Amino acid sequence: MIKVTAAVIQKNNQILIAQRRKDKNLGLKWEFPGGKIDKNETPEECLFRELEEEFGIQTKVGKFITNSIYKYPNIEIDLMAYHVEYLSGEFKLIDHERIEWVSKDDLLQFDFAEADLPIIEKLLS
């Protein structure tokens with residue numbers, strides 16, 4: 001099982017979502033950005049690093065929201081979601097097709113990766 005993080009970044013009552021690159025696994029699916037936790041790295045350190053690498057932004061990782069264990073055909077992941085505060089930096093699309101700021105109520109209108117769905121359920125509850 002691979003441990004992975006997800007960032008729920010909110011600004012002006014909207015949440016950042018990112019669309020995976022079409023040439024990647026789960027291409028064009030939407031997700032909460034994040035990534036694989038490296039050896040000897042905490043989930044919080046992973047999120048800080050991944051958001052800097054993938055978007056060129058500085059963030060502050062906050063409280064844990066929930067986790068989602070999901071078995072894809074080729075891999076099983078434990079996806080851990082955290083509230084994240086955007087601090088600074090211009091968003092650059094390095095590892096994604098697009099990003100969108102959407103209201104919580106509009107999240108289900110996007111084709112999310114299956115592992116991200118329990119995070120949405122938690123945010124809507």
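Hydrogens, waters and symmetry mates play no part in the numbers below; they use all other heavy atoms, side chains included. These numbers come from a predicted model, not from an experiment. Position 1 is the first residue of the sequence, and the numbers go up from there.
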Peer 1: Taking all heavy atoms of P33 and all of E54, pick out the closest pair and write down the distance.
Peer 2: CB-OE1, 4.4 Å
Peer 1: Please name the pair of heavy atoms, one in L108 and one in L124, separated by the smallest distance, quoted to 0.1 Å.
Peer 2: CD1-CD1, 3.8 Å
Peer 1: Would you say that I77 contacts I69 through its side chain, given a criterion of any heavy-atom pair below 4.5 Å between the two side chains?
Peer 2: no
Peer 1: Is there a donor-acceptor contact under 3.5 Å from the side chain of E45 to the main chain of T42?
Peer 2: yes
Peer 1: Flag yes if I57 and V102 sit in one hydrophobic cluster, no otherwise; membership is Ile, Leu, Val, Met, Phe, Trp, Tyr, and two members link when side-chain heavy atoms are under 4.5 Å apart.
Peer 2: no
Peer 1: Sort and list the pairs that fulfil salt bridge (Lys or Arg N to Asp or Glu O under 4.0 Å) and have at least one residue in residues 2-20, not counting sequence neighbours.
Peer 2: K3-D78, R20-E31
Peer 1: Using only atom types and a distance under 3.5 Å, with no angle test, would you say the side chain of Y72 pairs donor to acceptor with the backbone of A115?
Peer 2: yes
Peer 1: Under the side chain to side chain donor-acceptor pair (under 3.5 Å) test, which residues partner E100, sequence neighbours left out?
Peer 2: R98
Peer 1: About how many Å separate CE of M1 and NZ of K71, when rounded to the nearest 0.5 Å?
Peer 2: 8.5 Å
Peer 1: Just by distance, do the side chain of S68 and the backbone of P118 share a donor-acceptor pair under 3.5 Å?
Peer 2: no
Peer 1: For residues Q58 and F48, determine if any side-chain heavy atom of one lies less than 4.5 Å from a side-chain heavy atom of the other.
Peer 2: yes
Peer 1: Examine I15 and F91 and state if one hydrophobic cluster contains both, with Ile, Leu, Val, Met, Phe, Trp and Tyr joined whenever side-chain heavy atoms are less than 4.5 Å apart.
Peer 2: no
Peer 1: Hey, quick one: are L16 and I94 part of the same hydrophobic cluster, counting side-chain heavy atoms closer than 4.5 Å, chains of contacts allowed?
Peer 2: no
Peer 1: Side-chain contact, heavy-atom cut-off 4.5 Å: K24 with D95?
Peer 2: yes
Peer 1: I'd like to know whether I17 forms a side-chain contact (heavy atoms from CB on, under 4.5 Å) with I99, so could you lay out the CA-CA distance, the side-chain angles of the two residues, the decisive distance to 0.1 Å, and finally the verdict.
Peer 2: CA-CA 6 Å; I17 60 173; I99 59 171; over 6 Å; no
Peer 1: Can you confirm whether more than 12 heavy atoms, excluding those of D23, are under 6.0 Å from its CG atom?
Peer 2: yes
Peer 1: Name the orientation class of the two ring planes belonging to F55 and H96 (parallel below 30°, tilted from 30 to 60°, perpendicular beyond 60°).
Peer 2: parallel
Peer 1: Can you see which heavy atom on I119 is nearest to which on A6, and at what distance?
Peer 2: CD1-CB, 4.1 Å
Peer 1: Mind checking whether T5 and V61 have side chains closer than 4.5 Å, heavy atoms only?
Peer 2: no
Peer 1: Assess whether side-chain contact (heavy atoms from CB on, under 4.5 Å) is satisfied between Q19 and K29, documenting all intermediate values.
Peer 2: CA-CA 6 Å; Q19 188 178 40; K29 290 272 193 181; over 6 Å; no
Peer 1: Shared ILVMFWY cluster between V8 and W101, side chains joined below 4.5 angstrom?
Peer 2: no
Peer 1: Got E76 and I2 here, is their nearest side-chain heavy-atom distance under 4.5 Å?
Peer 2: no
Peer 1: Do you reckon L28 sits in the same ILVMFWY cluster as L26, going by side-chain contacts under 4.5 Å, direct or chained?
Peer 2: no
Peer 1: Mind running side-chain contact (heavy atoms from CB on, under 4.5 Å) on F110 and I120 for me, showing each step along the way?
Peer 2: CA-CA 11 Å; F110 292 84; I120 294 172; over 6 Å; no
Peer 1: E41 and D38: which non-hydrogen atoms are nearest, and at how many Å?
Peer 2: OE1-N, 2.8 Å
Peer 1: Please list, one pair per line, the donor and acceptor atoms closer than 3.5 Å that link side chains of residues 79-87 to other protein atoms, with sequence neighbours excluded.
Peer 2:
unit_1: Y86; atom_1: OH; unit_2: G89; atom_2: N; d: 3.4
unit_1: Y86; atom_1: OH; unit_2: G89; atom_2: O; d: 2.5

